[in-house]
Amino acid sequence: MGDGAKTLSETITLAPNPVNKCFGCGGANAGGMKLTFEQDNVNRRIVGRFVLGERYQGGGGMGHGGIIAVLLDEAMGKVCRFREVKAVTAELTVEYLKPVNVQQEIIVEGRETEQKGRNIFMIGEIRDTAGAVLARGKARFVIIAPK
C-alpha cells in the first residue's frame, strides 16, 4: 500500500482507556468493569473473553441480567469502530437463553448486520467455552458524529 494508505493488523487489543469513565470499558471508573476486547479486523467483529466473578452475580452464582446486557452493549457498541463513527445505543434487546456462571469463562462477540442511514444494526452473543449460546442481543445504534 502506498501514499498514506493505512494497513491494520489482523487484531487490535482494546484495553480500557485510562481517562474514559465508561462503566463497561473505561479505565477511570473505580467501580467499572474495565473490560478489554479484541478488534478482529479480518472478520469485522469485536470479541472479549471474561470471567465475571461474584461481584457481578445476581442470584445463585449466575450473572446479573443487567450485567449481561452491559456486556452485549459494550461488544456491539465497539463494532462502530469499523465505520470510524461515534454512535449511541438507541435500542437494545436481550434474549437470556441459559444462566451465565460467574466463575466460568465466557466469550462475548458483537458484529454489524446492516446500516441504514445513521442507524447501524448489530447482533451480539455470549457463549461458554464449549460454544453454547447463553445470551443473544440485538441493537440499533445511531451515529452522532464522525470519529
remark   = Applying salt bridge (charged side-chain N to carboxylate O under 4.0 Å, His left out) to Arg111 and not counting sequence neighbours gives Glu109
query = Is Glu114 atom CD crowded by more than 12 heavy atoms from other residues, nucleotides or ligands, each under 6.0 Å away?
reply = yes
task = Check step by step if side-chain hydrogen bond (donor to acceptor under 3.5 Å, both in side chains) holds for Thr13 and Glu38.
result = CA-CA 5 Å; Thr13 299; Glu38 293 289 326; 2.9 Å; yes
request  = Look at the side-chain heavy atoms of Ile, Leu, Val, Met, Phe, Trp and Tyr, link any pair under 4.5 Å apart, and say whether Phe121 and Phe82 land in one connected group.
outcome  = no
key: Shared hydrophobic cluster for Ile12 and Val108 (ILVMFWY, side-chain gaps under 4.5 Å)   = yes
task = Would you name the heavy atoms of Pro16 and Gly26 that are closest together and state the gap between them?
result = CB-C, 3.9 Å
request  = Check the surroundings of atom NZ in Lys116: do more than 12 heavy atoms from other residues, nucleotides or ligands lie under 6.0 Å from it?
outcome  = no
task = Decide yes or no on side-chain contact (heavy atoms from CB on, under 4.5 Å) for Ile120 and Glu112, but give the supporting numbers first.
result = CA-CA 7 Å; Ile120 305 174; Glu112 179 181 326; 3.7 Å; yes
request  = State, with a plain yes or no, whether a side-chain heavy atom of Arg81 is found less than 4.5 Å away from one of Leu14.
outcome  = yes
ask   = Val47 and Val70: same hydrophobic cluster, using ILVMFWY side-chain contacts below 4.5 Å?
value = no
task = Kindly write out the residues that satisfy side chain to side chain donor-acceptor pair (under 3.5 Å) with Asn43, not counting sequence neighbours, or none if the list is empty.
result = Asp40
ask   = If you measure from the Lys or Arg side-chain nitrogens to the Asp or Glu carboxylate oxygens, is any gap between Arg136 and Glu95 under 4.0 Å?
value = yes
query = For Asn29, does its backbone N or O pair with a side-chain atom of Lys34 as donor and acceptor, under 3.5 Å?
reply = yes
query = At their closest point, which heavy atom of Gly32 faces which heavy atom of Arg55, and how far apart are they?
reply = O-NH1, 4.3 Å
key: Trace of the side-chain contact (heavy atoms from CB on, under 4.5 Å) decision for Glu10 with Asn41   = CA-CA 5 Å; Glu10 289 186 4; Asn41 293 316; 5.8 Å; no
task = Would you please test Val142 and Asn119 for side-chain contact (heavy atoms from CB on, under 4.5 Å) and show each step?
result = CA-CA 5 Å; Val142 176; Asn119 295 289; 3.5 Å; yes
ask   = Can you find a pair of side-chain heavy atoms, one from Gln57 and one from Ile67, that are under 4.5 Å apart?
value = no
query = Is there a side-chain contact between Lys147 and Cys80, using heavy atoms and a 4.5 Å cut-off?
reply = no
remark   = OG1 of Thr93 to CZ of Arg140, rounded to nearest 0.5 Å, is 11.5 Å
request  = For Thr89 and Glu91, indicate whether the former's side chain and the latter's backbone hold a donor-acceptor pair under 3.5 Å.
outcome  = no
message = Under a 3.5 Å distance rule, please check whether Gln115 uses its side chain to pair with a backbone N or O of Gly117 as donor and acceptor.
response = yes
ask   = Given side chains that start at C-beta, do those of Met62 and Val100 come closer than 4.5 Å, heavy atoms only?
value = no
key: Pairs satisfying ring-ring contact (aromatic ring centres under 6.0 Å, His included), at least one member in residues 45-75, at least two apart   = Phe37-Phe50
message = Can you tell me how far apart CD1 (Ile68) and CG (Asp73) are? Round to the nearest 0.5 Å.
response = 13.0 Å
note = Closest non-hydrogen atoms of Tyr96 and Ala69, given as atom of the first, atom of the second and distance, are OH-CB, 4.1 Å
query = Same cluster for Phe23 and Met76 if Ile/Leu/Val/Met/Phe/Trp/Tyr side chains link at under 4.5 Å?
reply = yes
Spatial distance of atom CG (Leu52) from atom CD1 (Ile106) [nearest 0.5 Å] = 4.5 Å
message = Quick check on the hydrophobic clustering: are Leu71 and Ile123 connected, directly or via other members, by side-chain heavy-atom contacts under 4.5 Å?
response = no
query = With a 4.5 Å heavy-atom cut-off, do Thr129 and Arg49 have their side chains touching?
reply = yes
task = With side-chain contact (heavy atoms from CB on, under 4.5 Å) as the test, would you mind laying out the steps for Glu125 and Ile107 before giving the verdict?
result = CA-CA 8 Å; Glu125 285 185 346; Ile107 297 107; over 6 Å; no
